[in-house]
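The block underneath contains the structure these notes are about, expressed in structure tokens.
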Amino acid sequence: MAQWIKYRGFQKLLLWMPGLAALVNYQKSYLNYDFRAGLSVAAVSLPVSIAYAELTGVGAIAGLYSTILPLIAYALFGSSKQLIVGPDTATCAVVAAVVIPLSANDPILRWQLVIVLTIMIGLWCLIAGKLRLGALADLLSRPILIGLLNGISITIIIDQIAKVCGFKYDYANFFERLISLPMKILEIHIGTLIISLLTLAILISLKKYKPRYPAPLVAVIILTLLSWIIGFDKFGIHIIGQLNNEVIPFSSWANFDASLMRELVVPSLNIAVICFISMMITVRSFAAKNNYDTDADTEFKALGIANIVAGLSNGFVVSGTSSRTAVNDVNGGKTQLVSIIAAGVITLVVLFLLSPLQFIPSAVLGIILIYSSWSLIDLKTIKRFFKLNREAFYLSSCTLVAVLLIGIIPGMALSVLLGLLLFLRRVFRPSDQLLGVDADGRIHSLGNKVQPIDNVIMYRFNSTLTYFNIAYFKKRIINIVDESSDHVNYVIVDAIPCFTYQDVSVLMGIDELVHSLKARNTILILAGRRKTIKRWFKEMSIYLDESYIEFTYDLYFALRMVQSKEHMSDLSDDDD
């Protein structure tokens with residue numbers, strides 16, 4: 001192995017595959033921790049993967065396919081030592097919202113659409129990683145993400161209530177289903193409800209008394225054994241039925257309507273962004289907790305490869321899963337080997353233990369989904385936003401209501417649009433401050449202990465100046481000068497936060513501002529980036545009236561210059 005490591009081509013491969021590099025330099029002392037964590041991750045992944053397959057609308061076997069190769073792929077290409085990838089609540093709900101209307105109740109077409117959508121998501125992620133768009137992790141703000149997860153979780157809970165109670169909805173929309181629930185009481189199947197309540201009791205009891213146990217797996221094993229012994233299907237309790245290592249026949253792809261792929265382009269892009277952002281929150285959280293570094297662009301590529309192999313292996317969309325990553329962390333998992341061990345265990349189940357899985361009651365999977373979704377509901381944070389930041393509160397609340405009112409995909413698109421509009425509003429009309437000097441001569445925002453300087457205005461504009469806010473910038477300064485009770489001799493602008501790049505509209509706007517201030521006998525001083533800003537004006541051939549504009553190195557230098565000029569002016573007046 002040492003000879004291979006010295007080989008230049010292998011070194012490049014290790015740079016491209018961070019997980020492989022960690023496995024090559026593996027410490028044997030980690031093996032016991034990783035093996036235990038791998039078994040625990042597999043134990044949790046098995047039942048929830050089958051449940052998410054049911055949620056997505058494809059066969060249960062697809063859930064297991066979605067956890068094997070993606071786990072291995074991420075273990076090799078990902079930069080996080082602990083992240084566990086797999087199906088998760090939010091993405092599976094979004095995928096279902098996309099493909100079910102397009103499939104026209106054709107299960108083969110639905111599975112094909114899921115596979116195509118998954119591969120498209122993977123390709124988007126690879127492209128984004130190649131273009132180094134890891135900064136997209138910050139596109140969905142925390143308020144939007146919290147509102148989105150709350151909306152999706154509530155939608156899933158209402159949707160799964162029918163499964164755990166043994167009836168079917170007559171409507172597809174959330175509010176129509178919610179309103180119709182009281183009228184469905186007489187249709188509840190008592191046997192199914194008993195199984196659901198028993199499953200819920202097992203999950204809650206294990207979480208309270210044995211939190212380290214894989215509660216979903218224990219619940220599935222107990223109820224599957226009861227189903228096999230008693231024969232739940234004889235009593236009208238729905239079970240998932242016969243499973244085998246089926247894949248979509250290759251011949252069926254000849255009849256696939258390729259025009260449907262156009263309907264998947266925009267949703268696949270949206271889902272790719274959601275998968276990546278939710279994954280990066282988990283990646284960064286556990287990396288910070290355990291003191292190691294990750295790379296957002298590498299994560300984008302790893303997520304892309306994981307989804308492509310998921311699609312090619314007849315699985316569906318995967319993302320970073322916070323619950324299974326937490327299981328890994330609690331059990332002491334140290335490296336990416338945990339994912340490989342978990343994938344190996346699940347492979348053994350697919351090869352040798354599929355037959356017992358047919359007795360799993362569908363209500364058990366519904367309860368697992370409700371239980372998982374309930375843990376994602378975080379209305380307390382939205383309430384806290386109301387006290388801390390009203391804008392964050394309104395954004396999060398609008399996202400939640402939009403998801404419930406108009407659906408997951410439109411609601412998600414609306415929330416992103418709202419976030420971008422709020423960002424643009426901040427750039428168009430950013431906050432600003434008037435500055436002054438305290439008793440020690442330090443510059444701060446005006447306040448009780450910070451006083452303005454006579455005949456001088458110090459101004460800070462809290463955004464980059466660009467073509468769509470330069471007019472507002474000029475208007476603010478002119479208004480402040482005109483509203484001043486004393487004549488303003490100097491306007492000192494903190495140039496560092498607002499002059500960040502060369503924009504001809506901004507530079508011409510400064511020229512116009514100088515002329516406006518000249519009419520008021522006021523001199524403009526740009527404090528900061530002195531050489532750079534002067535060069536910009538020269539390159540753009542904009543010639544300023546040098547009698548009414550000055551360039552200084554910083555605010556303190558500008559203040560000293562103004563005080564010196566004021567002092568010289570006072571001496572001149574005394575001589576007269």
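Throughout, numbering of the chain's residues begins at 1 and tracks the sequence. Please read these numbers as outputs of a predicted model, since none were measured by experiment.
Proximity of Leu181 to Phe167: side-chain heavy atoms (C-beta onward) are separated by under 4.5 Å at one or more points. Counting only heavy atoms from C-beta outward, the side chains of Val98 and Leu264 approach each other to under 4.5 Å. Counting heavy atoms from C-beta outward, Ile61 and Leu64 have side chains that approach closer than 4.5 Å. The shortest side-chain heavy-atom distance between Leu379 and Ile382 falls under the 4.5 Å cut-off. A heavy-atom distance below 4.5 Å is found between the side chains of Cys275 and Ile271. Annotation: side chain of Ile370 is not in contact with side chain of Ile156 (no heavy-atom distance under 4.5 Å). A 4.5 Å side-chain heavy-atom check between Ile121 and Leu303 finds every atom pair outside the cut-off. No side-chain heavy atom of Phe316 sits under 4.5 Å from any side-chain heavy atom of Val95.
Residue Leu357 holds its CG atom at 11.5 Å from CD1 of Ile239, rounded to the nearest 0.5 Å. Rounded to the nearest 0.5 Å, atoms CG (Leu83) and CG (Asp329) are 11.5 Å apart. Once rounded to the nearest 0.5 Å, the distance linking CG of Leu113 with OG of Ser103 reads 6.5 Å. If you take CG on Leu178 and CZ on Phe174, they are separated by 5.0 Å, rounding to the nearest 0.5 Å. Within the model, atoms CG of Leu71 and CD1 of Ile340 stand 9.5 Å from one another, a figure rounded to the nearest 0.5 Å. To the nearest 0.5 Å, atom CG of residue Leu351 and atom CG of residue Leu348 are 6.5 Å apart.
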Starting from the C-alpha separation in whole Å, work towards a yes-or-no answer on side chain to side chain contact (heavy atoms under 4.5 Å, CB included) for Ser319 and Phe276. CA-CA 7 Å; Ser319 181; Phe276 177 67; over 6 Å; no

Could you go step by step and tell me if Phe359 and Phe232 meet the ring-ring contact (aromatic ring centres under 6.0 Å, His included) rule? CA-CA 8 Å; Phe359 297 103; Phe232 283 170; 9.8 Å; no

Applying side chain to side chain donor-acceptor pair (under 3.5 Å) to Ser79 and Glu299, what does each step give before you reach the verdict? CA-CA 6 Å; Ser79 64; Glu299 290 300 299; 2.6 Å; yes

Under the side chain to side chain contact (heavy atoms under 4.5 Å, CB included) criterion, do Ser227 and Ile360 qualify, and how do the steps go? CA-CA 7 Å; Ser227 175; Ile360 298 176; over 6 Å; no

Check against side chain to side chain contact (heavy atoms under 4.5 Å, CB included), Asn150 and Thr381: CA-CA 11 Å; Asn150 275 285; Thr381 298; over 6 Å; no

Audit row: Val85, Thr321, side chain to side chain contact (heavy atoms under 4.5 Å, CB included) steps and yes/no: CA-CA 6 Å; Val85 300; Thr321 61; over 6 Å; no

Start with the C-alpha distance between Glu54 and Lys163, add both sets of side-chain angles, then the distance that settles salt bridge (Lys or Arg N to Asp or Glu O under 4.0 Å), and finish with yes or no. CA-CA 11 Å; Glu54 294 276 310; Lys163 183 181 292 185; 3.7 Å; yes

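Of the possible donor and acceptor atoms, none in the side chain of His189 sits under 3.5 Å from a partner among the backbone N and O of Val164. Using a distance-only test at 3.5 Å, with no hydrogens or angles considered, a donor-acceptor pair links the side chain of Ser268 to the main chain of Val265. Between the side chain of Arg110 and the backbone N or O of Val99 there is no donor-acceptor pair closer than 3.5 Å. Without hydrogens or angle criteria, Thr399 side chain to Gly147 main chain gives no donor-acceptor distance under 3.5 Å. The main-chain N or O of Ile157 is never found under 3.5 Å from a side-chain atom of Gln160 such that the two would form a donor-acceptor pair. With hydrogens and angles ignored, the 3.5 Å screen pairs no side-chain donor or acceptor of Asn469 with any backbone N or O of Tyr472. Not one N or O on the side chain of Thr118 forms a donor-acceptor pair closer than 3.5 Å with the backbone of Gly311. Using a distance-only test at 3.5 Å, with no hydrogens or angles considered, no donor-acceptor pair links the side chain of Ser396 to the main chain of Ala392. Not one N or O on the side chain of Asp159 forms a donor-acceptor pair closer than 3.5 Å with the backbone of Thr155. Trp124 places no side-chain N or O within donor-acceptor distance of the main-chain N or O of Val273, the cut-off being under 3.5 Å.
Enclosure of atom CH2 in Trp374 is not indicated, since only 12 or fewer non-hydrogen atoms of other residues, nucleotides or ligands lie within 6.0 angstrom. Residue Lys81 qualifies as open at atom NZ: its count of foreign heavy atoms under 6.0 Å is 12 or below. At most 12 heavy atoms of other shown residues, nucleotides or ligands fall within 6.0 angstrom of atom CZ in Arg132. The 12-atom threshold is exceeded at CG of Asp257, counting heavy atoms of other residues, nucleotides or ligands nearer than 6.0 Å. Taking a 6.0 Å sphere around CG of Asp170, one finds it holds more than 12 heavy atoms contributed by other residues, nucleotides or ligands.
When every heavy atom of Phe256 is checked against every heavy atom of Gln112, the shortest pair comes out as CD1-OE1, 3.5 Å. The two residues Gly59 and Ala53 have their closest heavy-atom pair at O-CB, 3.4 Å. Of all the heavy atoms in Val338 and Gly333, the pair that sits closest is CG2-CA, 3.9 Å. Of all heavy-atom pairs spanning Ser66 and Val318, the tightest one is O-CG1, 3.2 Å. Here the closest non-hydrogen pair linking Ile367 and Ser196 is CG1-O, 3.6 Å. Contact between Ala310 and Pro70 at its shortest, heavy atoms only, is CB-CG, 3.5 Å.
Taking the centre of each ring, Phe385 and Phe393 stay at or above the 6.0 Å mark.
In summary, of the residues considered (Asn290, Thr325, Asn328), a side-chain hydrogen bond (donor to acceptor under 3.5 Å, both in side chains) with Gln82 occurs for Asn290 alone. Exactly one of Asp378, Ile158, Ile377 qualifies for a side-chain contact (heavy atoms from CB on, under 4.5 Å) with Ser153. That residue is Ile377.
In this structure, Arg390 forms no cation-pi arrangement with Tyr394, as its terminal cationic atom is not both closer than 6.0 Å to the ring centre and no more than 45° off the ring axis.
A side-chain donor from one of Asn462 and Ser431 sits under 3.5 Å from a side-chain acceptor of the other.
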